[in-house]
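Written below as structure tokens is the structure these notes are about.
Computed from a predicted model, the values in this text were never measured in an experiment.
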Amino acid sequence: MASFVKWLVDPNRNFLAAIHKRSLDKRLRKYGLRLDDLYDPKEDLDIKEALNRLPREIVDSRNQRLKRAMDLSMKHEYLPPDLQVPDSLTNSPISIAINLVQRFSHDFESIWLCRLHLGAIFRIC
């Protein structure tokens with residue numbers, strides 16, 4: 001089941017997911033946003049940690065893009081076409097930092113689970 005879900009949402013493997021990603025990118029581009037800008041640091045601690053690890057300039061530019069998008073949305077306007085830069089960054093600094101933090105937290109959890117498991121085994125023996 002998990003492999004089916006991974007296939008379903010992977011735009012590299014599923015044609016419909018690729019169409020959805022293109023349409024989402026197009027809608028975000030109208031407001032000057034990237035897909036990584038939509039991650040909420042209050043919802044996930046890994047995202048919050050990744051944003052804390054990034055340089056201040058990258059976080060400030062992300063916040064500026066979010067403010068500009070909210071302003072445009074309230075005015076019911078879009079960015080002019082000359083300012084709508086295509087999002088060519090498939091590996092943006094934010095997504096790289098999030099992947100690193102998630103990998104680190106997964107490794108950290110697995111190490112502690114292994115230690116807890118080994119501790120329980122040695123106490124029994």
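Not one N or O on the side chain of Gln84 forms a donor-acceptor pair closer than 3.5 Å with the backbone of Gly32.
Gln102 contributes atom CD, which lies 6.5 Å from atom OG of Ser105 (distance to the nearest 0.5 angstrom). The structure places CD1 of Ile47 at 10.0 Å from CD1 of Ile94, a figure rounded to the nearest 0.5 Å. For the atom pair Arg27 CZ and Tyr78 OH, the distance stands at 10.0 Å (nearest 0.5 Å). Here the straight-line distance linking atom NZ of Lys21 with atom CG of Leu28 works out to 9.5 Å at 0.5 Å rounding. Between atom CG of residue Leu24 and atom CD1 of residue Ile19 there is a gap of 13.5 Å, rounded to the nearest 0.5 Å. Remark: Ile98 CD1 to Arg103 CZ distance equals 13.0 Å, nearest 0.5 Å.
Nearest heavy atoms, Asp46 versus Val101: O-CG1, 3.5 Å. Leu79 and Tyr31 make their closest contact through CD1-C, 3.8 Å (heavy atoms, listed as atom of the first residue, atom of the second, distance).
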Side-chain donor-acceptor pairs of residues 4-12 under 3.5 Å, sequence neighbours excluded:
unit_1, atom_1, unit_2, atom_2, d
Asp10, OD1, Asn12, N, 3.3

Solution key, residues 54-65 side-chain donor-acceptor pairs under 3.5 Å, sequence neighbours excluded:
unit_1, atom_1, unit_2, atom_2, d
Arg56, NE, Asp60, OD1, 3.4
Ser61, OG, Glu57, O, 3.3
Ser61, OG, Ile58, O, 2.8
Arg62, NH2, Asp37, O, 3.3
Arg62, NH2, Tyr39, O, 2.6
Asn63, ND2, Val59, O, 3.3
Arg65, NE, Asp37, OD2, 2.7
Arg65, NH2, Asp37, OD1, 2.9

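Between Lys75 and Asp71, at least one side-chain nitrogen of the basic residue sits less than 4.0 Å from a carboxylate oxygen of the acidic one, meeting the salt-bridge criterion. By the 4.0 Å N-to-carboxylate-O rule, Asp44 lies too far from Lys48 to be salt-bridged with it.
Leu35 and Leu66 fall within the same hydrophobic cluster, defined by Ile, Leu, Val, Met, Phe, Trp and Tyr side-chain heavy atoms under 4.5 Å apart, directly or through other members.
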